[in-house]
Amino acid sequence: MDRETAQKRAEELRALLNRHSYNYYVLDRPEITDAAYDRLYHELKAIEEIYPDLISPDSPTRRVGASPLADFAPHMHRQTMLSLSNAFGPDDLRAFDKRAKRVLGLDAEASIEYLCELKIDGLAVSLTYTDGMLAVGATRGNGIAGEDVTPNLKTIRSIPLRLFGKQAGMPSFVEIRGEVFMLRSEFERVNQEQEEAGQPPFANPRNAAAGSIRQKNSAVTASRKLDFFAYAVGEAAGVSFADQASLLEMLAARGFRTNTHRNLCRGIEEAVLYCEEWRSRKDDLPYDTDGMVVKVNAVDLQRDLGATSREPRWAIAYKYPALRANTVIRDIAVQVGRTGSLTPVAIMDPVEVAGATVSRATLHNEDEIRRKDIRIGDTVIIQRAGEVIPEVVEVVSGARTGEERPFIMPEACPVCGSRVERPEGEVVARCVGLSCPAQVKERILHFASRNAMDIEGLGPAQVDQLTTKSLVRDPADLYYLTLEEMLTLDRMAEKSAGNLLRSIEKSKQVTPERLLFALGIRHVGEHVARIVTRHFGSLERVMAATEEELSRVPEIGPSIARSIATFFSDQENRQVIDKLNGAGLVMQGVREAVKESPGFAGKTFVFTGTFETMTREEAEAAARSLGAHASGSVSKKTDCVVAGPGAGSKLEKARSLGVAVLTETQYRAMIEEANQGDGEAGKEVQLALDME
DNA sequence: TAGCCTCGAGTTCA
DNA sequence: CTCGAGGCTA
């Protein structure tokens with residue numbers, strides 16, 4: 001074949017192959033068989049081998065990158081790739097609509113046209129086409145700069161290497177934005193492949209797509225079936241459109257795959273309906289989605305709304321938070337708590353669960369890890385217990401590669417190197433070093449915490465610095481800090497130092513029960529601190545009490561008695577108390593008036609969920625002041641459960657035990673009634689502590 | 001001594 | 001919120 005015929009044939013083949021690949025990958029309507037495609041493909045490849053100079057950048061043979069990339073060059077986005085603010089329910093969407101109307105100066109009755117598009121759970125990329133040819137493809141990165149992964153993006157069949165349309169009408173420059181993603185079926189295949197190769201699995205299709213796009217060797221990327229949906233245009237020369245809907249049509253006409261599950265909605269209520277419709281429908285799709293993007297359709301309105309530095313004001317992501325998610329445990333770290341307890345914590349690939357990005361979860365202790373057979377490298381299912389705390393539900397045993405490492409509790413404290421002990425029959429391993437920096441830090445944080453001494457402005461950052469600089473070794477040292485010393489801390493100038501000094505000063509006025517709790521004696525929480533100080537009347541008398549005297553107090557048994565007595569017999573601990581007294585702590589007893597109201601006296605209340613008109617603690621205090629007992633757990637002995645929205649297992653337990661359940665409103669009414677009828681019905685009991 | 005009932009302690013993210 | 005463990009009671 002002479003060069004001229006070869007060139008002609010090569011062009012023909014390229015056009016043919018690109019068209020068929022478009023039919024196959026973008027339209028999902030192949031016109032020829034795979035075998036026929038392969039024949040054409042190999043014919044082109046053969047020609048290009050003979051005449052390498054005929055290879056053009058849009059040749060389908062270029063989709064499989066030959067030379068491995070050394071490293072990814074950074075790619076500065078010409079226009080920042082913004083993120084989107086989130087909406088988690090219809091009301092968030094309505095608020096978004098309201099704000100848009102306000103900014104645009106429209107009245108509340110007007111309705112804005114919105115285009116709703118599925119939000120694909122993949123990774124955002126930017127594709128730059130110059131004179132219609134794909135020149136650069138980059139990841140989003142931080143929005144300002146991403147990584148140039150052009151060869152890898154070229155392996156994706158639904159990304160046209162050359163824009164469709166006549167050369168005459170071709171924009172000289174255009175940046176297309178969209179989402180690279182992986183089908184769930186492909187994700188499973190890839191993970192199986194990873195397993196066979198002894199490689200760690202991907203946690204989910206999104207991570208698999210991201211991992212594939214960042215491959216050094218684009219042949220690997222090519223072996224993974226990635227896909228692409230286009231949805232936006234960044235900077236562009238000679239391209240304009242009136243609205244988002246026609247932009248998507250334009251993208252489709254230029255050869256891109258666009259997601260067909262979209263809907264033009266008149267007014268926000270239509271958008272709400274469409275978003276809600278997809279909440280369950282999305283599960284039937286072969287790929288992962290994490291919501292719907294609602295965009296103001298008209299481009300001129302978009303322009304008027306503009307953007308903040310982080311997000312456009314004309315678009316919002318309506319999220320369907322997954323309650324559970326898969327991720328991979330990369331490591332298991334060990335934390336040291338206030339009592340020296342060593343707690344293993346799973347460090348995981350960040351993943352979205354119930355509206356928050358989770359990357360750590362406590363594993364509680366060694367036994368728990370063994371019970372669930374959790375190993376480093378495992379793919380696990382996590383959920384947020386009680387909507388908040390992430391928890392590992394179970395290991396996806398099918399994803400095991402054999403490379404996972406079991407967790408071993410260290411024999412020396414990871415912070416201070418002291419010996420680690422795990423007493424017979426106990427579950428928690430503990431660092432025995434009393435001066436372990438981690439323990440010291442946690443003890444001081446506990447001392448300053450809200451229910452203890454309530455020192456505002458003394459958080460982890462401050463305590464960390466104070467202890468590492470050895471300005472504070474025990475809680476009493478806090479009361480001897482000078483302004484000069486405080487100013488040596490980072491992020492601490494006159495203003496905050498003054499505030500901190502003031503709140504330390506304020507904390508000197510304290511009840512003995514709070515102080516006893518603040519000391520952080522083992523087994524002494526708020527409840528025990530309260531009953532013990534009330535029984536003995538003052539902290540001094542608690543300190544003077546023998547183990548035997550202590551154990552005679554109701555609810556105090558041998559363990560707690562020993563713990564308290566041992567604490568106060570320790571020389572160093574006594575010194576700390578002396579130092580506190582020397583600093584001028586003023587212990588004041590509480591005069592708590594308790595009205596013995598009929599509905600409350602002697603009853604046990606449990607509060608759960610979040611209340612709207614008061615905090616849970618206020619609710620508990622109210623019950624106590626009327627003669628009731630506020631407990632933390634539901635049992636047969638519970639008389640009444642007061643449940644706010646978001647109540648979980650406690651409410652269920654109450655129902656199953658047949659315990660009365662009140663709403664916040666009903667509870668309020670009960671309190672009011674009790675307070676009104678106090679004169680005759682309730683007999684007043686004064687509880688007072690005499691203090692020295 | 002077993003089996004409840006509570007309390008204590010530790011925990012995550014925005 | 002959950003789990004472990006101390007205290008009380010049958």
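Here is the naming used below: chain letters follow the sequence lines, and residue numbers restart at 1 for every chain.
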What is the distance from CD of A:E424 to C1' of C:dA5, rounded to the nearest Å?
16 Å
Can you spot which of A:T468, A:V472, A:D464, A:L466 makes a side chain to side chain contact (heavy atoms under 4.5 Å, CB included) with A:K441?
A:D464
Once side-chain hydrogen bond (donor to acceptor under 3.5 Å, both in side chains) is applied, what residue pairs with a partner in residues 343-354 of chain A remain, sequence neighbours excluded?
A:K319-A:E352, A:R330-A:D349
When you look at CD of A:E426, are more than 12 heavy atoms from neighbouring residues, nucleotides or ligands closer to it than 6.0 Å?
yes
Taking the nucleotide of DNA chain C with the closest heavy atom to each, which residue, A:S551 or A:D367, is nearer the 5' end?
A:D367
For A:N365 and C:dT2, give me the distance from atom CG to atom C1', rounded to whole Å.
11 Å
In this structure, how many angstroms lie between the C1' atom of B:dT6 and the CG atom of A:L657, rounded?
15 Å
Would you mind telling me which of C:dC1, B:dT6, C:dG4 lies closest to the side-chain atoms of A:K637?
B:dT6
Roughly, in whole Å, what's the span from CD1 in A:I369 to C1' in C:dC3?
14 Å
Under 4.0 Å between a side-chain N/O of A:T608 and OP1 or OP2 of C:dC1, yes or no?
yes
Please lay out, stage by stage, how A:D639 and A:F605 fare under the test side chain to side chain contact (heavy atoms under 4.5 Å, CB included).
CA-CA 6 Å; A:D639 294 291; A:F605 280 69; 5.6 Å; no
Does the ring pair (Phe, Tyr, Trp, His ring centres under 6.0 Å) test come out yes or no for A:Y667 and A:F607, once each step is laid out?
CA-CA 10 Å; A:Y667 178 64; A:F607 299 88; 5.2 Å; yes
Whole-Å distance separating the CG atom of A:L363 from the C1' atom of C:dT2:
14 Å
Taking atom CZ of A:R473 as the centre, does the number of heavy atoms from other residues, nucleotides or ligands within less than 6.0 Å exceed 12?
no
Is any side-chain N or O of A:R371 closer than 4.0 Å to OP1 or OP2 of C:dG4?
yes
What string of B, S and - do you get for nucleotides 7-14 of chain B, 5' to 3', when a contact is any protein heavy atom under 4.0 Å?
SSSSBBSS
When rounded to whole Å, the CZ to P distance for the pair A:F607 and C:dC1 reads 14 Å
